[in-house]
Amino acid sequence: MNTPGASPARLADAIRFLAIDAIVRAGEGHQGVPLGMAEIATALYTRHLKFDAADPAWPDRDRVVLSNGHGSMLLYALLHLCGFERMGIEQIRTFRDFGSRCEGHPERDVHTGIEVTTGPLGQGIANALGMAVAEAWLGARFGPGVVDHHTYAFVGDGCLQEGVGQEMIALAGHLRLSRLVLLWDDNRITDDGSTALSISEDVAARFRVADWHVQEVDGHDIEAVSDAIAAAKADPRPSMIACRTIIAKGLARLQGQRGGHSARLYPEDAAQARADRGWTAAPFEVPADVLSAWRAAGARHRDTRAAWAARVAALPADERAEFQRLLDGRLPAGWRERLLAWKAQAPGKPAAPSGIFVSADINDAIADLMPERLVACADLEAPTNHKRRLAAFTASDRRGSYLHCGVREHVMAAMANGMAAHGGVVPLAVTYLAFADYERPAMRMAALMGLPVKFVFSHDSIGIGRNGPTHQPVEVLASLRAMPGMLVLRPADAVEAAECWEIAYAHQAGPCTLVFARQMLPHVRVEAGHENLSRRGAYVLAEAAGGARAVTLLATGSEVALALSARAALQAEGKPTAVVSMPCWALFEQQDEAYRTAVLGAPNGVRVGCEAAVRFGWERWLGGRGGFVGMRGFGASGGADELYRHFGITADAIAAQARRLLAGDAGG
Ligand SMILES: Cc1ncc(C[n+]2csc(CCOP(=O)(O)OP(=O)(O)O)c2C)c(N)n1
């Protein structure tokens, strides 16, 4: 491949000039990464990366994460040069235009060749960690003939300055994920200029103390980078290759400087670079010999792929079917029946001591059926209880499916995203709801990318015991409900919990947040039919009796039981009262108006909402004569019953609010 005309240096320059031409045309873009990492990328893609441009979704391909996602032209140029069909030159010519596949921060588009790339710095390397975990688990399950690939991440200074970057370094080193290789673009420039403005430590040393394999090379020396990648693959530890580079190398006016990051480029810059580097091809053109060398790189694993397919075809039929099921993300036969059986027996049993234990019980019931569930938890195994029979995934045993993440919520959520993006596994991330804020950047990326991660939370309100208001997430439900694409589910009891898990496991198009109480959830659904009543987001749990509905009480989770008590009091006074349970607002919003009206009651009817959280967002359900019983500020330290009374979240308060509204007073 390395003919004089298509020397490695010219292959790298092909990346450079596609990037320059696209950025000049668009009038914007981040040239620092594609120009500074052109040699690194050439070494990786032409000599090491296992992929086939003709089949971007080949399950045993190496994964590449562009964690410094602002430099997306690097990836677009690589995909075009290697011959990925969906990355034709017309896409490069429309870089950053609305509707182009090269829109920037390209997120996730496996069929184009984009695994995940992330705009928010630090997310990508944490995703890569999750991908490496998924690979290791699947490799242990199916063997190296079937699952045998690496995860590479392009990384900038920014990713390593973010806190989640450090969480990732610590956990990957601890788990000894030897197939994870970071390629650090060590150019010592960020947006503000020199990294010396804000960082003094020896970054590579942070990797060393976390037991990574660390090498330092000249990032513009293709041979040196290639040798380092080979050494990285051979080492039993995760590897970080610090590639010393010059940002925007090739642009005389900007290289090595602050403006190299993303200062505007002009046609004169492109002309100067062409003259300096002896590049005579017109804009958006790649010399034929260079292009054919790149295309050969894109096709060089075709035989490897065919051999892999033959090995998979030769697997015993049940093994092959199971592998295919996991790749397709299909749930196992019988999973729904298992959940339905669990649901059917739930009302006849005493309520579990805690809402989160109900969730744990449900998951335990399906654990053997769904081995692909990988459960990550941030050091709260006992109070969240989702480990049970699962073995730990460790440095020495990859067959375990419970990940002890340590107190590292952010990386836990971001790695769960990476696991989902890898495919073949179903990730859960478990902690307390107050710490959802530590996970939020990753939860938002899951929603944006449509990744089917299950974010599971305990301690969902003020009812958490006597350790203070910091762990009482009064505003978190509202903030998560505001996130487009996130299904937030808050079940009221064991039956609803089973229904919410049925919804969550069936939901493949994006993430779910499942929120459980720390306190006991009394049974509110005394009969558990086959129908999933939670499926429509809200439903009439108890209809008004003795006449036309006068009052509708709306509640979620632990407050549904209070609404039922309030209903009993109001009914006893001859006020026909319905109780509506609302486990998932987003699903209820998707219902037609007729259903919503039937559930909510007449628009001018009296409604009282109740949730041990702030009112924000409830207006949309309360109508013109609505009231709300909930929190007005942060909580306090105290027992659950004491605090519910202190903050006036009681059946009496709900009934009193309804009476006032019926009498025509202003609502609360
Ligand atoms: C979480 C987050 N904060 C801020 C930004 C905005 N941002 C984009 S690139 C960048 C500088 C990154 O520097 P580096 O990683 O060294 O990239 P390079 O300068 O080498 O292109 C910043 C601050 C971002 N994308 N994500």
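Position 1 is the first residue of the sequence; numbering continues from there. Just follow the structure's listing: the first ligand is 1, and inside any ligand the first atom is 1.
With a 4.5 Å cut-off on side-chain heavy atoms, R10 and D289 count as touching. Side-chain contact between L175 and L403 is present, with heavy atoms from C-beta onward closer than 4.5 Å.
Considering R93, H80, E285 as possible partners of L18, the one that fulfils the side chain to side chain contact (heavy atoms under 4.5 Å, CB included) test is H80.
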Atom pairs, nitrogen or oxygen, ligand 1 to protein, under 3.5 angstrom:
from	atom 1	to	atom 2	distance (Å)
ligand 1	15 (O)	D157	N	3.2
ligand 1	15 (O)	G158	N	2.8
ligand 1	16 (O)	D157	N	3.3
ligand 1	16 (O)	D157	OD2	3.1
ligand 1	16 (O)	I189	O	2.8
ligand 1	17 (O)	H70	NE2	3.1
ligand 1	19 (O)	I189	O	3.0
ligand 1	19 (O)	H261	ND1	2.8
ligand 1	20 (O)	N187	ND2	2.7
ligand 1	21 (O)	H70	NE2	2.8
ligand 1	21 (O)	H261	ND1	3.1
ligand 1	25 (N)	G119	O	2.9
ligand 1	26 (N)	L121	N	3.1

Counting only pairs under 3.5 Å, give me each side-chain donor-acceptor contact of residues 261-269, with atom names and distances, residues two or more places apart or in other chains.
from	atom 1	to	atom 2	distance (Å)
D269	OD1	R253	NE	2.8
D269	OD2	R253	NH2	2.8
D269	OD2	Y266	N	2.8

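Side-chain atoms of R63 do not come within 3.5 Å of backbone N or O of V116 as any donor-acceptor pair.
Using a 4.0 Å cut-off between charged nitrogen and carboxylate oxygen, R440 and D437 do not count as a salt-bridge pair.
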